[in-house]
Every structure is written in C-alpha cells, then in structure tokens.
Number of protein chains: 2
Amino acid sequence: MKPTQKHTIYDIATRSGASASTVSAALNGTWKARRIKEATALRIIALAREMGYSVNLQARGLRTARSGLVGLILPEHNNRFFSDLSQSFTLEARARGQCPVIIATARNPEEELSTVRDLMAYSIDALFVAGAADPQHISKICRAAQLPHVFIDQPCPDAPSVITDNETGARQLTEAIIDTLAPHSPALEGTGREKIYLLGGDARLHASSRRIAGFRAAMIAHFGRCDDDQVIACGYEPQTAQAEIRALHARLGGMPAGLFANSLNVFEEVLRFLSRRPEPELRGFSLGCFDYEPYGELLRLPVHMVRQRHRELVRRAWELLEEPGSTELVTVPPELCLARPRVLRYEG
Amino acid sequence: MKPTQKHTIYDIATRSGASASTVSAALNGTWKARRIKEATALRIIALAREMGYSVNLQARGLRTARSGLVGLILPEHNNRFFSDLSQSFTLEARARGQCPVIIATARNPEEELSTVRDLMAYSIDALFVAGAADPQHISKICRAAQLPHVFIDQPCPDAPSVITDNETGARQLTEAIIDTLAPHSPALEGTGREKIYLLGGDARLHASSRRIAGFRAAMIAHFGRCDDDQVIACGYEPQTAQAEIRALHARLGGMPAGLFANSLNVFEEVLRFLSRRPEPELRGFSLGCFDYEPYGELLRLPVHMVRQRHRELVRRAWELLEEPGSTELVTVPPELCLARPRVLRYEG
DNA sequence: CTGAAAGCGCTAACAA
DNA sequence: TTGTTAGCGCTTTCAG
C-alpha cells in the first residue's frame, strides 16, 4: 500500500508467485494473446495496483524501440493559431494513448533542427512539424532515421503534409476587404492610399506565397492590377512589422484603404499602430487577418479573419501518418469569419 | 556518412578500435574525469559525428534512472498567461539541457492526476504544475515517488510553490477600476448598478481566494463595504461566465459601474457580451482583468490589467527545485498595466 | 590511460 | 498455460 520505493515486475512476480514474463503480459494487456489464465492476469493486475506499481516506460521503450512519445514542433506558443494546434494535438495524441511533446523553436531553423534531433534521441514514434522554417532539411533527417513525420501548415514536397487552402482563403479574405472598402475618394487617386496592402509573412515560404497569390488574384479580378509595392512580406518579427507599418503610413502620407495582415503577429502590431492614430483617419479603413484570433471579433474596428481548421488539420495529419509512406498533400479549406456589422461601430 | 541505420556505441567502438566504455565516456563528456587521452576522445567524437551517431536517451535513461525530461502541466494552451508560461518554461528547460514536456489537462483533476502518473512513468526528472486543480493530491503522488516538483500560480502547502502576489495585484487592480469609475449618478443608488463586481475564478482555489480578498480590501477601503453579491466566482467555463454576465445585467437592469474579470477566459466572455451592447450603455464603464492579454490594450474600451511575471515565476520555480527539500512559498509581485488614455476613446 | 562485465526494467522468442 | 533466457543501448564500477 506504500508506493514509496519503485517496484518492478520482478517484485510483483515474487509476490504473486508468477514469473516476470507473466506479470509483464498481464500488465501490458498481451495476456489473452499469450493464453494466460484470466484469473492469473486479474490477480496480478490487482496486486500491481495495490502495490502502486507503474511501468518504467524507458525500459519498455528501450526494449520495443518505441516510446509512446509523439513530437510536435511549432514556431511559438504565444499565437492563437499554434496554441489551437497544440490543444488539438494534445487531444488526438492522448486519444491514441500517446504522450504529446510540444516544443516551440522560435522560427529559428537551427533550433528547429536541433530539436528534431533531440526528439529523435528519445525515440519518439512520430513527429509533427507545424510552420516549419526548413521543411526539406527536417524531412531528410527524419527519413534517414525512418521516423514517420508529417508537416502541417508549411508543407514539404518530400513528405506527407496537410495545409490550409491558403490561396482560396487569401482570395476570399481579400474580397471581403475589398467589399468593405470605403466609397472611393477621387482625391486619393494615385497617392497609393486608394490601395490595399498585404503585410507580413515570408514570400519564400509556401504558405505565404500561396496567400500572396490569392491576394493578387483578387486584386487583379477587381482592379485589373496589383502593384508590387502592395505586397510587403516582411516576416513575422513584431518590430519589423511595426516599422513597416510606420514606413507605409509615412510613405503614403496617411492610411491606406485597407490592409491584409498575413499573420497574427503582424495583426497585433497593426492594431497597436492603429490604436495610436486619431480616429478620423480610421474611418472606412478595411482590415483583414489571415488566421483567427477571438479578440479580433471584439474590437470596435471591424476585421475579417480567415480561420484555419486546426482540429481538422491535426486529424488529417494523424491519418496521413497512419497510411503507409505517402507523400500526399492534403488541403483543408479554411473558414472565413466576416466582420459582422455590430452595435459598437464607428457611426454607433 | 549515411546515418541510415541507427548506430550504437558498439559500432563506434568497433570502428574506432576503442571499447564501448571509452566511447561512452568520450561521447557523454565524462572522458576527462575518466582520464582518457584527449586525442582518443577527439577521434571518437569526430567519428561519431561522421557516422551521424545519436545517443539513445531511453537507454541512457534506463541506466541512469533519469531522462532529461521535465514536465509542465497546465490547464490549457489557449490562454495567454499559460502560453507565456510555456514559452518561458521552454527557454529555461533548454538552457539547462532538459527537454520540456508541456501537457494541458483542461482543468480536469482526474486528467491532471493521470497525466502526472504518465509523466512519472517516463522517469521525468522534475515536474512543474501550473494552475493545479488538486495540488495536494499531486504533491502526495510526487512525494511518494520522490519526484522533485514545484507549483506555479496555484500553490500547495506541502511543496515548494511560486505564485504571484494575488492579493496585492487584485487590490491595485480594483483601485484602478475605482479610479476610472464614471462620476456618481445618484439615480443609480441602491440599484446595484453603482457597484463593481468580480467575475470568475474558483473561490476554493488559493489564487482566486487571495484575489477576492484583495478586491474586498479595496472595496472596503474606498466604500466602507463590500457586499457578498459583488463576488461572482463562477469558475472558468466560458459558457458559465457568459450566462453570469447576462444574469447580472438582467438583475441590475443595466450595466454595473465596473467589472473585475478574474481570468482571461472570463475577460473574453465579458468582451463578447459588451460587444453586443449599445454603445451608450458602456459610457464610463470601468473594466479590469487579472492576467494580461496584449489585445486588451488594443480595444477601444480602456481596460486595466494585472500582468503576472511569467518569466520570473518560472525562474524562481527552477531555483526552488534546485534547493534541497524546501516547502517554501515564493511570492512574485505582478505588474499593473493601467489603461492609458488613448486616442481612440469613446469621446474621441 | 583503457577494457571487461554487470545490470537498469522490460518484452518476446522459445521451451516446457 | 507458464517460465527461462536473451537482449534493447547505455553507464559505471572494478581491474588492469
């Protein structure tokens, strides 16, 4: 009754009069396959519980070359999209009796790779990588070690990946921004302030490039053109984003007609900037964000958002993993969250 | 050069002409203590790298009865306070060469306990528990297994804990709310709408009870009284919080003078509710939140917040762990983030 | 300065 | 239906 010292299956074997292998089978559920008498198994199980026994998973893992651990690597915890993923990932992992190990690597490719290696040293059973900075390199390492792995959000050509339909999502979001544009003021024509700008993200990354494509497509469909200066893929760093917004505002001599924030990090900086502008400047300003943040719905400034289906992304990722050695790319449509007209609005 | 198959120290031993124990020492850094020739060690290290060798940490862990894993249990990922903790925890763990394992247990005491046991089965080296639902039980289990552990945010009388000075923080926050109260309207006297209400949290939990105490103290200092109905500790469930706000509003026949949201979950629901009220109702409404959320600064409604020093909490927790068997309770003062007067405000 | 050998706790053939 | 045995890959005395 006192689980003070750690017990092993040998203690249980001694106390129960059975052998260690019988105890092992009884305890890990393989006893029916091993044709062990039910009574024996039950007796052992009861005894183990009474003794407060708990398997040593390192020993089991060493023996079986598995560990029960599944890794998830992501850029940061402090981001609603990724914390949603963590949440869903935890659920799915535990539902399968696996232990989730979630590690943030700060969008640093080196940290990312060393984390992959660290996790592999623990013999993790599978690796999920969300928002990878260097998918191909990661995949190469995993393949060399024959570690099942799957990418989420940022895909990899050499490995199973599940991503959001970024292009469609971006197109829809852009259309929503266009639809909310204030009535055209001829005075602004040619100043650049009549345009919509996309801010943030890294054009070299797959997700961003598709979003940019969607943005462009919508622009061209509605205005017949999309200038290069309308896309400002300045990365994810808050400081950089803040500087870019300032620079844009300065260059235009005022607010643009609309803005497409290409990540939550950037969105936050955009809001920070906006909160310091005098209110009249913001009238009719049209804002959208790719990715969803519940607070976005609670601002007095209406904002359209594209919500990635995190639950679905994670589920499909597990499914891909369970298939043999596919290199499939699964695409999940996002959910468009339009700013509803609301009670608290500018003209309120 | 092809790390296709997994290598062991025996492979390296064979290839290098040294013995497995020498290889082991060379590779894990104990070689100088073992008086192994530097040249030998370096040669082995180089060979290992060339072969793409990577230790099997399960084997090491089995042998040493450690694992290099440190656990952090928390209620949810989707909460800025906890994701800040995750971030800080990850940093500290990696700085010490440990691997962070962060698991969310949905404020479910049973899940919490079973997660503790799961983690222990992996021979984690230490356990951090943030926002525990059942600290005493967890601590009992850990002590039985002689697992070093420390509580954050929700303390445990039987184990080292580091918490925020909830009472002071709550008092200051309440004072800030009081300071921003709209000029007193005699018409409301006695309706309950002239009062400030604390919403959310669980009065049975230590953190909440201290916050309630701080709230009460500030109320009494300023108004000479604090009625029981001013404290609505309805838990953390969004739905419940939403229902309580509605009920309060209905009961009072309008908005109260101010609100103290006792957690980010509740805060979010409060905002959701407010966003559906007609603007005039909100004039002069004074809002505060215990815990910090950057979006809180970006709302057009001014909101005071108390920010827990997550970095500090985590650091102190590690320090406590490194002391012998202390039962110390460390208190960290929070940071008060007052709503600044800003450009975008109601009268803007 | 280095090697041999034992064993961490468990599982899985293979015997019985 | 159950026990015996041989490792999984590593660290660590203890001998040399």
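Given the structure is predicted, the values throughout are model-derived calculations rather than measurements.
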message: Please determine whether a side-chain nitrogen of the Lys or Arg among Glu50(A) and Arg15(A) lies less than 4.0 Å from a carboxylate oxygen of the Asp or Glu.
response: no

- request: Using the heavy-atom set of chain B and a strict 4.0 Å cut-off, write down the first and last nucleotide of DNA chain C that makes it in, 5' to 3'.
  value: dC1(C) to dG9(C)

Where Phe89(B) and Val314(B) come nearest, the two heavy atoms and their spacing: CA-CG1, 3.8 Å

Exercise: identify the closest heavy-atom pair between Met120(B) and Cys142(B): SD-CA, 4.4 Å

task: Return the minimal non-hydrogen interatomic distance between Ile9(B) and Ser24(B), and the atom names on each side.
output: CD1-CB, 4.3 Å

Salt-bridge present (Arg315(B), Glu319(B); N to O < 4.0 Å): no

message: For the CD atom on Glu323(B), are there more than 12 heavy atoms of other groups (residues, nucleotides or ligands in this structure) within a distance under 6.0 Å?
response: yes

Below 3.5 Å, can you tabulate the donor-acceptor pairs from side chains in residues 67-74 of chain B to any protein atom, sequence neighbours excluded?
{"unit_1": "Ser67(B)", "atom_1": "OG", "unit_2": "Leu69(B)", "atom_2": "N", "d": "3.0"}
{"unit_1": "Ser67(B)", "atom_1": "OG", "unit_2": "Ser123(B)", "atom_2": "O", "d": "2.8"}

task: To the nearest Å, give me how far apart CZ (Arg66(B)) and C1' (dG9(D)) are.
output: 19 Å

- prompt: Which letters describe nucleotides 10-16 of chain D, given B = protein heavy atom under 4.0 Å from base, S = only from sugar-phosphate, - = neither?
  reply: BBB----

- prompt: Which part of the nucleic acid does Ala18(A) contact within heavy-atom distance under 4.0 Å: base, sugar-phosphate only, or nothing?
  reply: sugar-phosphate

query: If you find the nucleotide of DNA chain C closest to Thr40(B) and the one closest to Leu62(B), which residue's nucleotide is nearer the 5' end?
result: Thr40(B)

task: Enter the distance from Glu110(B):CD to Glu112(B):CD here, rounded to the nearest 0.5 Å.
output: 10.5 Å

